[in-house]
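Below: one structure, written as structure tokens.
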Amino acid sequence: MSALGWVATIGRRSRSTLVILGQIARFFVMLSARAGIVVKRPRLVLQQVHFIGNYSLVIIVVSGLFVGFVLGLQGYYTLNRYGAEEALGLLVALSLTRELGPVVTALLFAGRAGTSLTAEIGLMKAGEQLAAMEVMAVDPLRRVLAPRFLGGMIAMPILAAIFSMVGIMGGWFVGVVLIGIDTGAFWSQMQNGVDVFDDVLNGVIKSVVFGVAVTLIALFEGWQCRPTPEGVSRATTRTVVAGSLAVLGLDFVLTALMFS
């Protein structure tokens, strides 16, 4: 391919990427404008929080526990070189509240809840249920998509907090019960070194941003997919890929802004 051909290919792909980003931004504005349904019909949002959060709870708890186990082992072996085993609690807590808790939860959220949302909306579109709602003068964005968007935004920080809590308990089990670190030193180092605003609050902000991004991408892919089985399957795949990349990219940006 000639140099002009490469330039044309890059230009086409850049243009298509900008078009998609513009469509997602417009879709976000449309959903935000219909967020008032949380006041008029809060039960719809609560149902989605239960559907998204409760059904993702098992994988979040199990993953958080094993991540805590691994952090406890790796942290002890690293700190043992410098005679600072008592700081294991601080290491585990900061790793989970700042980074691993929000990021790993968001990746699991994209794989579990994100694909479920995309498939659900895509199947409703393929079955012409969304079109039928428009015929009956019911706005599908307000009735179907907005509650799911708000539900994902609310459920994500709760799941991240549970992940971090279970991970800390896993690190305590490995460090105190299995290895034999003093339990008072484990908890006191954690309490003295973890700041509520600089560490915990920043982790909560990250989880909220990740929840908005992953849920928005999942709903957008379901809303824009082709109403065929192949189209729905490709949309669910794009949800996992785009959601995971968005989480990792946003994590770098937020970390640079918060801890610079």
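In this structure, the side chains of Met133 and Val144 come closer than 4.5 Å at one or more pairs of heavy atoms. A 4.5 Å side-chain heavy-atom check between Tyr76 and Leu91 finds every atom pair outside the cut-off. Leu201 places none of its side-chain heavy atoms less than 4.5 Å from the side chain of Val196. You'll find the side chain of Met30 stays beyond 4.5 Å of the side chain of Leu145, heavy atoms only. In this structure the side chain of Leu65 reaches within 4.5 angstrom of the side chain of Phe69, judged on heavy atoms.
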Inset, instruction - Apply salt bridge (charged side-chain N to carboxylate O under 4.0 Å, His left out) to the pair Lys206 and Glu99, showing each step before the final yes or no. - result: CA-CA 9 Å; Lys206 278 187 176 183; Glu99 288 296 327; 2.5 Å; yes
Legend entry - Test side chain to side chain contact (heavy atoms under 4.5 Å, CB included) applied to Phe109 and Ile52, step by step: CA-CA 9 Å; Phe109 186 85; Ile52 296 172; 3.3 Å; yes
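Contact between Leu100 and Phe163 at its shortest, heavy atoms only, is O-CE2, 3.8 Å. When every heavy atom of Val247 is checked against every heavy atom of Val103, the shortest pair comes out as CG1-O, 4.2 Å.
Using the six-membered ring where Trp is involved, Phe149 and Phe28 have ring planes that are perpendicular, over 60° apart on the 30 and 60° scheme.
Other residues, nucleotides and ligands contribute at most 12 non-hydrogen atoms within 6.0 Å of the CD atom of Glu128. The environment of Arg234 atom CZ is sparse: at most 12 non-hydrogen atoms of other residues, nucleotides or ligands sit within 6.0 angstrom.
Among residues two or more places apart in sequence or in another chain, the ring pair (Phe, Tyr, Trp, His ring centres under 6.0 Å) test is passed with Tyr55 by His50, Phe51.
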